[in-house]
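The block underneath contains the structure these notes are about, expressed in structure tokens.
In what follows, chains are A, B, ... by sequence order, proteins preceding strands, each numbered from 1.
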Number of protein chains: 2
Amino acid sequence: MSTATVSRALRGLPNVSEATRLRVLAEAARLGYVPTPSAASLATGRTRTIGVLTPWVNRWFFANVIEGAERALRDLGYDVLLYTFDVRRTSSRRRVDPSVLRHRVDGTLVVGLPLDDDEVRSLVGLARPLAFVGSGPADQVTVRLDDVATGRAATRHLLELGHRVIGHITGVPDLVSSWSPPVERARGYVRALEEAGIVVEPDLEVNGDFDVAGGRESTAELLRRRPDVTAVFAASDEMAMGAILAARDLGLRVPEDLSVVGVDGHDLGELVGLTTIAQDAYQQGFDAALLLLEMINGAPVPESLTYPTELVRRGSTAPPGAGG
Amino acid sequence: MSTATVSRALRGLPNVSEATRLRVLAEAARLGYVPTPSAASLATGRTRTIGVLTPWVNRWFFANVIEGAERALRDLGYDVLLYTFDVRRTSSRRRVDPSVLRHRVDGTLVVGLPLDDDEVRSLVGLARPLAFVGSGPADQVTVRLDDVATGRAATRHLLELGHRVIGHITGVPDLVSSWSPPVERARGYVRALEEAGIVVEPDLEVNGDFDVAGGRESTAELLRRRPDVTAVFAASDEMAMGAILAARDLGLRVPEDLSVVGVDGHDLGELVGLTTIAQDAYQQGFDAALLLLEMINGAPVPESLTYPTELVRRGSTAPPGAGG
DNA sequence: CTGTTAGCGCCTTCAG
DNA sequence: CTGAAGGCGCTAACAG
């Protein structure tokens, strides 16, 4: 029997009689035969692998998106190649160099990673399907929240409680990209303030690096600078929890002296009574992976999917001076 | 110029004159040439890729180990292929079938995934370096805590505070493997009780699925069954936080009515005042990756690395009945 | 130091 | 429906 017939049988192609197919399958199983992916990939140009680019895996949003995407891809026989690009306020991250992805992935999923125009261009230059989760450039397929609306809703919640001096803890430096979620949430924050006729003061915004420690430090700095702040909107729950720690460090009570609202719907939000705008990160990862595979299969896909959010009111927000 | 010379120049092999090497490098840069990994892999049998097998990515320990490993591997030019195998109490997980790894990875890192003997055997059968993080079979390279000592230390902390009826929230079903961290932590728990002359009661142990929701449910069940419990040792911080939620659901105060101690040193532990046995998960992932690469390079490596832990006392533990 | 020659294992085209 | 042949892009061994 020729290798060509075996190859056809194993891949379920037509033009193989049922008898030979069964014979091949049986023999392959008996021998424990496993195809060599690099040979297949060399011959076909396809890798059955998706590159996932993300700044971190140990943060709520990112971990859940990655897990959702991995499950979807695995179910459909695709492997996941993980690339992290640590993003910090203090140091600029390593540039995304897509040449490492060339001939290595059939598609790329960018998870919550703000890219500059050059980086996007170079990814597009790979000529492979590309999708973004969290946010992405306007002309690319993106699975996301309406981040402006999210920032606006969080800020309005605080305004409706009666707050007038509201701080904002944002995520990454806005130098890189004009379309990262923190940038858009900050826009929503500004818009809500303007709609309420409140003058927006730049020194009410600080950068919290998207984690607990960063939220804590930046909130401490904010409260030192502006002791008149009565509420804080953090662009993620982890930073919001850092803000609560900072308040506690300074002897302030939450929510009596400081109201705090976050974004995410973190598993531990309930435990600390955190008011938040909840989203489903796992599902976004799962669906983005499916979209990407459809693109690979040449199916038409929507330009973007926008996911719902929900304000979850808990004990970390209250009218200013509620307790004294 | 021949392809062989180009190949040698690009890979920095000897036997190439400096002049030609520079010429090759310049031309490659000009053309934007990128080698095709599948072709190299087909020719050499090596892939410069490491498979990372883990039950979850959205849990503190796992996310941090993965991130540490990814950073170490990336720095040394290796790619990370991520495979998750969801482990739950309710349903048995998909078996680990290493045939998908054959010809695809140069080594495998198993992160906190309890495997049965057959699965370990089949991984060993790949004839590629293999390392475990969290725990592993006795005869394999493992980066880990002393989990028995960890369970014992946590339980002793509760005993020293005066507790006598101490529940334990463990992680995964112990059906699969005899060497998972939760199993060993439970052993430490039992040993500490025995050393204190306390009769070990099986109905004081419940399974919390290693996450917040599971810790909450199983603690609720435990407290319903055994209202005399005054303290709980959870095998992870996330389950411990679930235990605190369960206590609160039942109107119990922590620590007055119920003391809770966990394991990990979760970023949010301080916020909720959780007493814990802290470990450095990121570093374990990082070091395990380095070990694996040394094995790939044929260097001798220690059979196992044991990491230190530290008891962090916070407000979630106190003598029984401390407040009333 | 450089070039030539065989493959690595699979897939695709074309004959039969 | 099946077989033969060529080639995917690179590396290893050997000549020169």
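Without hydrogens or angle criteria, B:N297 side chain to B:A299 main chain gives no donor-acceptor distance under 3.5 Å. A donor-acceptor pair is defined here as one N or O able to donate and one able to accept, closer than 3.5 Å; no such pair exists between the side chain of A:D106 and the backbone of A:I50. Remark: side-chain polar atoms of A:S7 are not paired, donor with acceptor, to backbone N or O of A:T3 under 3.5 angstrom. Side-chain atoms of B:E119 come within 3.5 Å of backbone N or O of B:D116 as a donor-acceptor pair.
Electrostatic pairing of A:D79 and A:R74 counts as a salt bridge here, judged by a charged N lying under 4.0 Å from a carboxylate O.
Note on ring orientation: taking the six-membered ring where Trp is involved, the planes of A:F210 and A:W56 are tilted (angle from 30° to 60°).
For DNA chain D, the span of nucleotides reached by chain A at under 4.0 Å from its heavy atoms goes, 5' to 3', from D:dC1 to D:dG9.
Between B:F132 and B:W179, the ring centre distance stays below 6.0 Å.
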Pairs: protein N or O with nucleotides 9-12 of chain C N or O, under 3.5 Å:
from	atom 1	to	atom 2	distance (Å)
C:dG9	O3'	A:T36	OG1	3.3
C:dG9	N2	A:A39	O	3.4
C:dC10	OP1	A:Y33	OH	2.4
C:dC10	OP1	A:T36	N	3.1
C:dC10	OP2	A:Y33	OH	3.4
C:dC11	OP2	A:S7	OG	2.6
C:dT12	OP2	A:R11	NH1	3.1
C:dT12	OP2	A:R11	NH2	3.4

